[in-house]
Amino acid sequence: MTVATRTDHGRAAMLLPVLLLLALGYLGPLGMVAWTSLRRAGQTSLAAYAEILAQPVFLDIFLRTLTTAGIVTLFCTAIGYPFAYLVATRARSWAGLVMALVAMPYLTSILIRSYAWVAILGGGGLVNRALMALGLIEDPLRLVFNSFGSYVGMVQVLLPMMVLPLYAAMRRIDPTLLRAGASLGGGPASVFATVFLPLSMPGLAAGAALVFLSALGFYITPALLGAPGDYMLAQAIEVRVTTLAEFDVAAALSWMLFAMVAMLLLFLRRWIVPLGEEQPTARPSRVRAVASTAAIARLVQRAGDRLAPLAGPLLWIHGMLVLTFLLAPMVVVVLIAFSSAPYLTFPPPSYSWRWFVAFFRDTNWLQAGWFSLWVSTAAAVTTLAIGTPFAFALARGCFAGRRLLWLLAVSPMILPHIVIGLGLFFTFVALGLNGHPVSFWIAYVVTGLPYVVIVLVAALGRFDRDMERAATSLGAAPLTVFRTVTLPLLAASFATAFLFAFLSGFDDLIIGLFLSSPRGTTLAIRMWEDIRLEISPKTAVVGALQLAVLLVVLGARGLSGWVGQLRRQRTSS
Amino acid sequence: MVQGAGQSVEIQGLSKRFGDVVALDRVSLTVRPGEFMALLGPSGSGKTTILMAVAGFEQADTGAIRIGGRAIDRLPPHKRDIGVVFQRYALFPHMTVAENLAYSLRRRGIAAAETARRVEEALALVKMEGYGARGVDQLSGGQQQRVAIARALIFRPAVLLMDEPMSALDKKLREHMQMELRLLHRELGATIILVTHDQEEALSMADRVALLHEGRLRQMGTPAELYRAPADAFVAGFIGRNNFLPIEAGPPLRLRGCDGDLVGVLAEDSAAPRPGDVLAIRPEHMALLPPEVPGGEPCRVLETAFGGARQTVLVEAAHHRITVEAAVSDHLWQPGQAASLHFNPRTGRIFPAPGPQ
């Protein structure tokens, strides 16, 4: 009994800091949004909701948001599935490198990637110039500042979210199952349709859910690349706060967006990144069995078997195009950073350091950069400090509500940041803290927490606890065990968690837009204002610098792994 | 399930390299129609490569494979009509037991009613009636194996290939399944090729055993032939257990450090002893008697292991360590005791150079 009570106290102490943070920086602000949405002229009323439901323009915005998210999800599926299939089944020896390349854009800010698309798709941009040079068109096509540009940007930004879970699910498929299918008489296409496809469904569902939910709350990409009038929900909310000051309507819209995403999230949670080792598995289903008996299905599969030899080359071509699509914005950003032109144009007329010089001479930018750097670092350190005990309690404890706590801590990653930002804005205004560095600090701990929890819970799930038991049996006290065994073995996971937590703050724009003040302006906001006003290559300089730092960090990690391997080989031979 | 008689499998001059590693080196063997053949060997001996080449999952560099006299080298795996039981069964996790069984029949466009009938038949064959609607993960290891066997047999393949099918089962269940598989083989008359590294499994189940080592076929024959007349020291060491004792002089045969000669110990078809050769003698072909019994080699008991009807005794005689299987009567040997070691007549065999285990 005493033992049980002691572990309960211990667990409470491990969970408490995160719970306090979530209360102050997440649940409280969401409550503030709900509260504000119900207040008009000092009274409780449903006026804001009534106004929204009465105006067709809001219905349009809701529908546009849903269809945009749906279309983006379809494109991501159509592009991502064959790509993940190629990497998981045919390019296994390259898989590590390719997936790192896929994750790279995910680690650079959405703002900078969207900005690059302006240069690629714009009137004088790369695509139009190429098409005109080929003589296919005479006048530049309108590829950006309309829904096409918005789709291209969103698909590029969200594609990694589709590919990563799909790839993970496909790697879990035992290749002998495919051999078994062949030995039982299934040709390549029918084995794919009857074995591989159904077994990859959990990954597809997870990817589609993540893409769709993220797209619902998208702000930057549609705002930058979309048509000026074609608002999605997040833009409508932002306009109501910053230009119209209709706080109750903004709050009501936010609350509706939040409710929509939260409900979908709860509904789809089985498919979205599962806790620890609980992997969703495909279950036997009647429908598929019926469908596969149909003679037509068999005919299609026969035809597919005939065409199967063509699939290989097509997949490789597709793979190259996808990698180009994912990485092109980053290459473009780097090239623009070295542009000698006084304005954004691509390709640059010639190359120079002038924009680097301009960046480092501009105290406004430097101050913003410094502010972003230290506030994101402080937030990441805090997140790791409070997230680590939280992740340990979740991964190793066995108590009711464990899944729910995990979902709660991870949800800020998926729920629209515009809603969280609005809630934090209301909260910090009420506390008199808005614009103070502390407000940014709290906000970025909340947004960084999901990454720390996901990475550490997964790492702990894979961790062999017998290592710790062995250390204990050899005479190490609990803290010594942690310091000498657990920490070194999980060092890479801690580094990954820190990197993601840091980037979630450093790359943030949306929350910053609400919190910014003369007391605190982040680099992302500085870039945003610059892009909106003059589009100079300064933003590209930030992108290039960030990319360089990332490459150094990832390169150092790769190198240290390589050196370690070399050393192990030395000692073993 | 009425099975047509199995087909023959002829393998001619099969070679395969993986980079610098020679996985198969000109292996030729023929499996007769309806025969149960075991491919036995340590890991890396090439046995699985042969199986994968027959199934069509690996392409051999040279050589030919015929089934029922028909060359199959150019057929893709799904057109070979060969049943395969995979090491960890490879049951489809997203299908029920019945759907797993029906899979091959659906691919062949067999009508639903006929499919349902044959699924029931196959379930009955492996004594799994009533399990059709279960998910695969609701089955025990033994049940999964039965389903895997039924799935591989249901489309009446010419040949059934089994890749270490018993390795995932515990000892009791394994022995039970081995017996059931024997019965099934007798009932169906199918040609079966079983890959295993477990010599007991190969010897107890197969009609004939092909012993492979480092990509080469070392010996092929009935289990009794392999046991009684191993072709070389490797086979002698791999099949059953053997003591290898260095020979000092011969003929007549004399062991290093021993005084007496061993007239009459050698089997009639053994090679003649020469200095530098080894004498292979199995633990069960020796007797351990009290030290006063004359005519034996004096020795001392080092260690013993009790095994029911028999006691395994490690003795030292003239600086050789020798393992002896002693019949257990009232007397159990104890470490430190002196004894006299006797070789049974016509059981020893001479091999050049000791075979590494």
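Chain naming here is simple, since letters A, B, ... match the order of the sequence lines and numbering starts at 1 in each. Side chains are part of it too, since the values below use all heavy atoms of this structure and drop only hydrogens, waters and symmetry mates.
Each of Pro76(B), Ala90(B), Gly56(B) has some count of heavy-atom pairs under 4.5 Å with chain A, and the biggest count is that of Ala90(B).
Applying the 6.0 Å contact sphere to CZ of Arg108(B) captures more than 12 heavy atoms from other residues, nucleotides or ligands. More than 12 heavy atoms of other residues, nucleotides or ligands sit less than 6.0 Å from atom CZ of Arg117(B). By the neighbour-count criterion of 12 heavy atoms within 6.0 Å, atom CZ of Arg88(B) is sparsely surrounded, having that number or fewer from other residues, nucleotides or ligands.
Contact detail for Ala180(A) and Phe86(B): the closest heavy-atom pair is CA-CE1, 3.3 Å. Nearest heavy atoms, Phe57(B) versus Ala182(A): CE2-CB, 4.0 Å.
In this structure, the portions of Arg151(B) lying under 4.5 Å from any heavy atom of chain A include both its backbone and its side chain. Looking at Leu91(B), only its backbone comes within 4.5 Å of chain A, counting heavy atoms on both sides.
The distance from atom OH of Tyr89(B) to atom CG of Leu177(A), rounded to the nearest 0.5 Å, is 14.0 Å.
A side chain to side chain contact (heavy atoms under 4.5 Å, CB included) with Arg107(B) is found for exactly one of Leu184(A), Val191(A), Thr194(A), namely Thr194(A). The only member of Ser183(A), Ser190(A), Pro188(A) that meets side chain to side chain contact (heavy atoms under 4.5 Å, CB included) when paired with His78(B) is Pro188(A).
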